[in-house]
Amino acid sequence: MQLARSGSGDQKIPEKVMWALIDAIESGQIKVGEELTSERDLAETLGVGRGSLRECLGILEFLGAIENRGYRKVVVRDADYIRRMISLVRVSDQEGIQDDFSEFRQVTEAAIAELASQRATEEDLEQLRQALEALEADPLDYQNDVRFHDALARASHNMMLAATIHLVNAMLGDIRIRFGGHEDYQKKTHASHCAIYEAVRDRDAVRAREEMEKHLQIVEEYRGKYPEKFEQ
């Protein structure tokens, strides 16, 4: 099955993929409940990398538009549902979104850290530990930072929080990639990630929240120090 190319060349990759899926669903090329074509074919048709495509499909899966059934990915939501996801993608184009993003993280991620300290399983803690190891091994790969925050959100065992954090991390421009080359930023945030992990591991809810608040303060300090990195 081939998907027609859709949208303008300046679309963000996740939005481009979502519009292509909408076109295919509305044209009958893909039906709700039907298996998607392979990632390789989709990526070739859309002209995007398989990693970017996989990230977008993962978002849709996390939000319930796609289900992973063994080695198959099946569309389980209609085109209107995916349109609503695109409305969230477009948030990233709005003026002042970085300030909103910062406030969002301050509210949600502090709560996530607190819940994770109360609810994390041994498997959750292992996922967090592995994310920390990946960050230490390759601090320039911002996806390792995303991996830690996603793992922490899953450890909260609140799927609304986990899904929202996953979506926002994937869709919005973030300080991780902007400050990837700053060694002092890497050192500070890595130490902060470790402190969050240790508080969660120790089941200390108050400390987990405080360490996350300190972590986000580091981010804000660098936003203030290098405002030019946030110019559109």
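This one's a predicted model, so the numbers in the text were calculated from it and none came from an experiment. One-based numbering along the sequence shown.
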Go through the structure and list residues passing side chain to side chain contact (heavy atoms under 4.5 Å, CB included) with E126, not counting sequence neighbours.
R129, Q130
Are the side chains of V75 and E34 in contact, using a 4.5 Å heavy-atom criterion?
no
Is the shortest heavy-atom distance from the side chain of S102 to the side chain of E220 under 4.5 Å?
yes
Quick one: side chain to side chain contact (heavy atoms under 4.5 Å, CB included) partners of R201, sequence neighbours excluded?
L125, Y197, E198
For the pair D202 (side chain) and D204 (backbone), establish whether a donor and an acceptor sit closer than 3.5 Å, ignoring hydrogens and angles.
no
Under a 4.5 Å cut-off applied to non-hydrogen side-chain atoms, are L115 and L161 in contact?
yes
Can you list the other members of the hydrophobic cluster that holds V74, where links are side-chain heavy atoms under 4.5 angstrom apart?
V76
Between R203 and Q118, is there a donor-acceptor pair closer than 3.5 Å when you use the side chain of the first and the backbone of the second?
no
For R50, what residues pass the salt bridge (charged side-chain N to carboxylate O under 4.0 Å, His left out) criterion, not counting sequence neighbours?
none
Can you find a heavy atom in the side chain of T108 that is under 4.5 Å from one in the side chain of I165?
yes
Under the salt bridge (Lys or Arg N to Asp or Glu O under 4.0 Å) definition, can you give me all pairs with a residue in residues 66-76, not counting sequence neighbours?
E61-K73, E67-R69
Examine distances only and state if a side-chain atom of D124 and a backbone atom of T121 form a donor-acceptor pair shorter than 3.5 Å.
yes
Among all residues two or more places apart in sequence or in another chain, which pass the salt bridge (charged side-chain N to carboxylate O under 4.0 Å, His left out) test with D138?
none
What residue among K188, H149, E136, E211 forms side-chain hydrogen bond (donor to acceptor under 3.5 Å, both in side chains) with H193?
H149
Using 0.5 Å steps for rounding, measure from the CG atom of L36 to the CG atom of N68.
10.5 Å
